[in-house]
Trainee: 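The structure follows.
Hydrogens, waters and symmetry mates play no part in the numbers below; they use all other heavy atoms, side chains included. Just so it is clear, the model here is predicted, and its values are computed rather than measured.
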There are 2 protein chains.
Amino acid sequence: MTTEEAQRRTSGVSATTATSTGEFGIANPARSTAWAGAVQAGARVLPEHARSHNRALVLQALFRAEGLSRADLAREVGLTRVTISDLISDLINENLVIELGVRTDSRPGKPATMLDINRNGFVVVGLDLSFNSRFRGAVTNLDGTVLHREELDVTGVTGTEAVEATALILERLVAAATAPILGVGVGSPGIVDATGTVLSAPNLGWKDLPLQQILSMRAQLPVQVANDANIAALAERTFGGGGADMMLVRAGRGVGSGLIVGGQQVYGSGSAAGEIGHVMVGTDGGDTCVCGKSGCLETWLAIPRIEARLANATTEAEREAILREAGERLGIATAPIVGALNLGEVVLSGPSELIDGPLIAAAADTLRDRTMAEFVGDLSVRMTTLGRDIIVLGAVVMVLTGQLGVY
Amino acid sequence: MTTEEAQRRTSGVSATTATSTGEFGIANPARSTAWAGAVQAGARVLPEHARSHNRALVLQALFRAEGLSRADLAREVGLTRVTISDLISDLINENLVIELGVRTDSRPGKPATMLDINRNGFVVVGLDLSFNSRFRGAVTNLDGTVLHREELDVTGVTGTEAVEATALILERLVAAATAPILGVGVGSPGIVDATGTVLSAPNLGWKDLPLQQILSMRAQLPVQVANDANIAALAERTFGGGGADMMLVRAGRGVGSGLIVGGQQVYGSGSAAGEIGHVMVGTDGGDTCVCGKSGCLETWLAIPRIEARLANATTEAEREAILREAGERLGIATAPIVGALNLGEVVLSGPSELIDGPLIAAAADTLRDRTMAEFVGDLSVRMTTLGRDIIVLGAVVMVLTGQLGVY
DNA sequence: TTTGTTAGTAAAGGTCACTAACAAACAAAA
DNA sequence: TTTTGTTTGTTAGTGACCTTTACTAACAAA
């Protein structure tokens with residue numbers, strides 16, 4: 001049997017994904033069950049792929065609406081009760097699904113046995129490398145509920161040292177896990193390709209760093225690495241009520257974004273989708289940017305820049321004008337994107353004391369003024385509700401998608 | 001058996017898709033074999049879906065590279081020779097694939113039997129409703145080679161009359177078909193939803209018009225309707241060598257665009273993706289637009305506007321400046337889109353005597369100036385090579401995708 | 001108690017792609 | 001010329017998968 005065939009024969013997620021003893025080194029390698037992987041152009045479909053797709057559908061349905069019976073699932077997914085029973089039997093054996101007992105409400109017919117994803121039977125480890133001077137991480141259950149946190153100061157740490165720091169915080173999180181670890185998700189700044197290689201992350205001094213491979217080898221766990229803003233968009237989509245056509249803009253030290261188009265994450269031709277920080281805004285100049293150009297979105301919207309301007313503001317009106325201008329510039333930059341993609345939502349993530357107020361209001365006004373009302377009539381511009389944990393939650397979504405096919 | 005079950009049982013494209021006698025009214029109803037349809041969220045996958053997906057893969061491989069044997073296909077697609085033989089047997093029975101005879105070159109082993117899609121065994125009807133005063137249409141083979149053309153003057157024709165005109169030109173094209181018609185593709189201006197309903201097309205006086213349904217009933221053929229610029233993007237992707245992350249901008253009476261992201265067409269939250277004509281460009285005003293705003297992309301790039309400006313130009317330098325300015329504005333408007341989506345290509349479609357020259361050069365320069373070179377380094381900005389037939393070719397792609405799953 | 005409904009399971013059947021094995025047809029080496 | 005090895009395409013049989021059909025269990029309502 002060839003390697004490829006062996007892989008093809010492997011389906012499902014083994015229930016023994018990782019030991020919960022906390023050893024940093026015992027678990028199964030990364031592997032994808034997701035249907036998405038099989039749908040790529042040129043990929044044939046075998047019966048077993050159909051099975052894992054249907055299996056993912058069942059998990060998705062259970063994930064979204066707890067308290068479903070086998071019969072409910074059959075109606076929801078469109079398969080027969082027989083097939084659902086068979087799939088559920090597998091999932092129960094793998095400890096991914098549990099029976100909650102019989103339905104209590106009074107209805108004719110045999111009472112249903114309620115099912116749910118075993119939300120506490122596995123945990124996910126999420127890492128957020130996007131902060132300037134500290135790495136953050138958390139252990140969560142499958143709902144994204146944080147069970148344990150770790151932080152690590154990394155001021156001035158770059159290159160290999162930064163990799164070691166990442167491995168260290170991961171090790172601590174793995175040790176803190178109280179249930180088998182389904183997988184590890186990492187949100188990194190910079191450009192990250194589909195294989196989890198950090199092509200470029202200037203702040204961390206990383207270039208062509210195969211972070212996913214490194215961490216996966218070290219932890220012996222399935223690891224997935226993606227850009228922080230992209231991962232935030234995933235989180236908003238799954239946990240924040242984000243729609244199928246959505247943009248998440250993240251303002252921090254720089255400005256980045258993640259895009260969901262047609263329900264799918266956008267990666268871009270060079271894995272650099274969402275990088276809007278250095279797109280010039282308007283035709284009337286602006287401050288000089290670190291990149292050499294003038295009037296980049298970052299010069300208007302990066303938090304340090306806003307804070308510097310606000311430091312000179314003496315009155316509340318001045319303060320508001322500064323924030324409104326930042327919002328306007330965001331609106332100017334995103335209007336063509338919103339129009340071209342016919343987005344339904346623009347979600348902002350960042351320090352709410354700065355963003356949630358005049359800034360976001362001005363962005364919404366500007367967006368509406370500069371696009372065609374007929375097309376963007378029901379555009380929603382809002383803050384994320386996920387707060388500072390958004391990257392960690394995105395990591396959960398990545399792992400759920402990668403390991404279970406849930407999204 | 002329920003309707004849904006009956007549909008589920010129906011797979012493949014019957015070889016008797018339509019009579020070639022030219023009667024306007026004898027054929028089978030629209031039906032989708034495409035895998036894409038089955039991959040939607042919440043859609044279960046049955047073995048037969050797997051089969052039609054694999055079938056589509058075989059057709060795709062044959063479509064792209066003629067002169068493949070069964071064994072070649074097995075290697076290409078990843079299925080076994082046995083399975084390929086079985087699929088090919090079906091396809092030959094349906095007259096979609098033909099044997100070309102044995103391979104002539106001298107190699108060890110049994111000589112292979114060459115296969116090809118029966119490119120002239122079926123025809124496709126394409127309709128282009130995007131011109132101001134005339135409807136254009138063509139009958140093509142499966143390669144997109146035009147076999148017959150029809151035109152119809154529709155100056156001042158709107159509403160129901162325009163629908164009748166569409167039906168008339170379609171009837172003529174169907175009558176001219178010399179082989180069974182695989183399907184009909186229609187490129188319409190305005191907003192068209194996924195069901196082929198024209199939600200809004202002011203120029204034609206259409207609003208919530210179920211054009212696909214109307215034409216499908218009239219012609220008794222599978223009909224697919226989509227926005228003209230979107231369909232043009234499809235054509236560029238399949239016949240024009242367009243990449244997986246691409247934008248096609250169409251300048252005509254107005255300005256529209258079509259987007260391909262991650263190899264997939266973008267539809268948008270309100271089916272209005274690509275509508276960039278009324279996005280404001282820059283922060284320095286501009287001419288008043290019919291929409292009421294100032295400085296919309298259309299005021300810079302719509303062909304009538306450019307022509308009006310050129311009429312006042314006396315020197316070649318003035319003429320070039322006007323064209324360069326139009327290109328610059330296009331670059332300003334598309335820079336955020338190119339950056340956010342990390343597009344690899346921007347393709348222009350329209351009158352080449354105006355677009356292909358200073359305009360496109362200025363657009364390329366502006367795009368590069370206003371984005372981050374690191375991210376858009378290998379961005380290609382160019383004219384389409386498909387000329388005026390681009391909409392008709394897009395119709396072919398729609399039909400191939402919808403009826404055969406080829407894309 | 002009877003009737004009707006709903007949940008879940010068991011057995012049998014059809015579809016699909018796979019493996020194994022083989023004949024046909026050729027080139028190249030012996 | 002014969003033998004060997006390669007490649008193509010087919011036949012036969014197998015296992016995976018989901019369906020249909022039919023059943024039991026468990027309940028509400030008449």
Side-chain angles (χ1 to χ4, degrees), chain A residues 1-2 4-6 8-12 35 38 43-55 57-58 67-90 92 97 99-115, chain B residues 1-2 4-6 8-12 35 38 43-55 57-58 67-90 92 97 99-115:
Chain A
M1 208 188 247
T2 67
E4 196 226 11
E5 277 167 336
R8 191 200 300 168
R9 298 263 158 250
T10 310
S11 75
W35 182 253
R44 74 215 182 288
V45 173
L46 305 177
E48 62 208 85
H49 294 132
R51 176 103 175 158
S52 52
H53 174 76
N54 290 333
R55 181 190 142 99
L57 288 180
V58 168
L68 293 174
S69 68
R70 291 172 175 83
D72 292 335
L73 282 167
R75 281 182 290 262
E76 182 99 356
V77 176
L79 293 162
T80 60
R81 293 199 304 273
V82 180
T83 304
I84 293 292
S85 281
D86 196 42
L87 285 165
I88 289 293
S89 156
D90 283 359
I92 287 179
V97 168
E99 293 191 336
L100 297 176
V102 296
R103 183 179 271 151
T104 53
D105 59 348
S106 173
R107 305 199 293 187
K110 176 178 171 180
T113 311
M114 307 311 287
L115 302 169
Chain B
M1 208 187 248
T2 67
E4 197 228 9
E5 277 167 337
R8 191 200 299 168
R9 299 264 156 251
T10 311
S11 75
W35 182 253
R44 73 214 182 288
V45 173
L46 306 178
E48 63 209 82
H49 294 133
R51 177 111 174 147
S52 51
H53 173 77
N54 290 332
R55 181 190 141 101
L57 288 180
V58 169
L68 293 173
S69 68
R70 290 171 176 82
D72 293 334
L73 282 167
R75 280 183 290 262
E76 182 98 359
V77 176
L79 295 162
T80 61
R81 293 200 305 273
V82 181
T83 304
I84 294 292
S85 280
D86 196 42
L87 285 165
I88 289 293
S89 156
D90 283 0
I92 287 179
V97 167
E99 292 192 336
L100 297 175
V102 296
R103 183 179 271 151
T104 53
D105 58 348
S106 174
R107 305 199 293 189
K110 176 179 171 178
T113 311
M114 307 311 286
L115 303 168

Trainee: Once you apply a heavy-atom cut-off of 4.0 Å, does A:Arg81 come out as touching a base, just sugar-phosphate, or nothing?
Mentor: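 It contacts base atoms.
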
Trainee: Any chance you could measure B:Ser89, atom OG, to B:Ile84, atom CD1, to the nearest 0.5 Å?
Mentor: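 It is 12.5 Å, given to the nearest 0.5 Å.
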
Trainee: So, does B:Arg44 get its side chain near the phosphate of D:dC18, meaning an N or O under 4.0 Å from OP1 or OP2?
Mentor: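 For D:dC18, neither OP1 nor OP2 has a side-chain N or O of B:Arg44 closer than 4.0 Å.
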
Trainee: Just how far, in rounded Å, is C1' of C:dC18 from CD1 of B:Ile84?
Mentor: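 Interatomic distance, CD1 of B:Ile84 to C1' of C:dC18: 13 Å.
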
Trainee: OP1, OP2 of C:dA7 versus side-chain N and O of A:Thr113: anything below 4.0 Å?
Mentor: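 No, outside the criterion.
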
Trainee: So what does A:Leu79 touch, heavy atoms closer than 4.0 Å: a base, only the sugar-phosphate, or nothing?
Mentor: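 Sugar-phosphate: the residue A:Leu79, judged by heavy atoms under 4.0 Å, touches backbone atoms but no base.
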
Trainee: Out of D:dC18, D:dT11, C:dG8, which has the shortest distance to the side chain of A:Ala71?
Mentor: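 In terms of side-chain proximity for A:Ala71, the closest of D:dC18, D:dT11, C:dG8 is C:dG8.
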
Trainee: What is the distance from NZ of B:Lys110 to C1' of D:dT4, rounded to the nearest Å?
Mentor: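 Taking NZ of B:Lys110 and C1' of D:dT4, I get 19 Å after rounding.
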
Trainee: Using a cut-off of less than 4.0 Å, is there contact between a side-chain N or O of A:Ser85 and OP1 or OP2 of C:dT9?
Mentor: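 Answer yes for this pair, as a side-chain N or O of A:Ser85 is under 4.0 Å from OP1 or OP2.
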
Trainee: Sort out the partner of D:dA28 for me: Watson-Crick or G-U wobble, both distances under 3.5 Å, none otherwise.
Mentor: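 Because both required distances fall under 3.5 Å, D:dA28 counts as paired with C:dT3.
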
Trainee: Taking the side chain of A:Asp72 as its heavy atoms from C-beta onward, which of D:dC17, C:dA7, C:dC18 lies nearest to it?
Mentor: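 Side chain of A:Asp72 sits closest to C:dA7.
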
Trainee: Rounded to whole Å, please give me the gap between CD1 in B:Ile92 and P in D:dG9.
Mentor: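 Computing the B:Ile92:CD1 to D:dG9:P distance gives 10 Å.
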
Trainee: Which whole-number value in Å describes the distance from B:Leu68 CG to D:dT7 P?
Mentor: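 It works out to 17 Å between those atoms.
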
Trainee: Nearest whole Å is fine: how far is D:dT24 C1' from A:Arg70 CZ?
Mentor: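 Going from CZ in A:Arg70 over to C1' in D:dT24 covers 16 Å.
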
Trainee: What's the spacing between B:Leu68 CG and B:Ile88 CD1 if we round to 0.5 Å?
Mentor: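 Rounded to the nearest 0.5 Å, the CG-CD1 separation comes to 9.0 Å.
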
Trainee: For the side chain of A:Thr83, starting at C-beta, report the closest nucleotide among C:dC16, C:dC18, D:dC18.
Mentor: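 Ranking C:dC16, C:dC18, D:dC18 by closest atom to the A:Thr83 side chain puts D:dC18 first.
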
Trainee: Whole angstrom is fine here: how far is it from CG in B:Asn54 over to P in C:dT15?
Mentor: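 Atom CG in B:Asn54 sits about 17 Å away from atom P in C:dT15.
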
Trainee: Are any of A:Thr80's side-chain N or O atoms less than 4.0 Å away from OP1 or OP2 of D:dT20?
Mentor: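 Negative; the distance criterion is not met.
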
Trainee: Counting just side-chain N and O atoms, does B:Ser69 come under 4.0 Å of either OP1 or OP2 of D:dG9?
Mentor: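 True: B:Ser69 side-chain N/O within range (under 4.0 Å) of D:dG9 OP1/OP2.
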
Trainee: So, are A:Arg81 and A:Asp86 salt-bridged, with charged N and O less than 4.0 Å apart?
Mentor: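 Looking at A:Arg81 and A:Asp86, the cut-off is not met.
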
Trainee: Could you tell me the separation between the CZ atom of B:Arg103 and the P atom of C:dA24, rounded to a whole number of Å?
Mentor: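 Answer to the nearest Å: 22 Å.
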
Trainee: Decide yes or no for A:Glu99 and A:Arg70: does some side-chain heavy atom of the first lie under 4.5 Å from some side-chain heavy atom of the second?
Mentor: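 Contact flag for A:Glu99/A:Arg70 side chains = yes.
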
Trainee: Closer to the 5' end of DNA chain D via nearest nucleotide, is it A:Leu87 or A:Pro111?
Mentor: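 Upstream on the strand: A:Leu87.
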
Trainee: Between C:dT9 atom P and A:Leu73 atom CG, what is the distance in whole Å?
Mentor: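 Roughly 12 Å, once rounded to whole Å.
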
Trainee: Roughly how far, to the nearest 0.5 Å, is OG1 of A:Thr113 from CG of A:Leu100?
Mentor: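 Interatomic distance, A:Leu100 CG to A:Thr113 OG1, rounded to 0.5 Å: 10.0 Å.
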
Trainee: Is any side-chain heavy atom of A:Arg51 closer than 4.5 Å to one of A:Leu87?
Mentor: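 SC-SC contact between A:Leu87 and A:Arg51 confirmed.
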
Trainee: Checking contacts here: which listed nucleotide (D:dT19, D:dT8, D:dC18) is nearest the side-chain heavy atoms of A:Val82?
Mentor: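 Nearest nucleotide to the side chain: D:dT19.
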
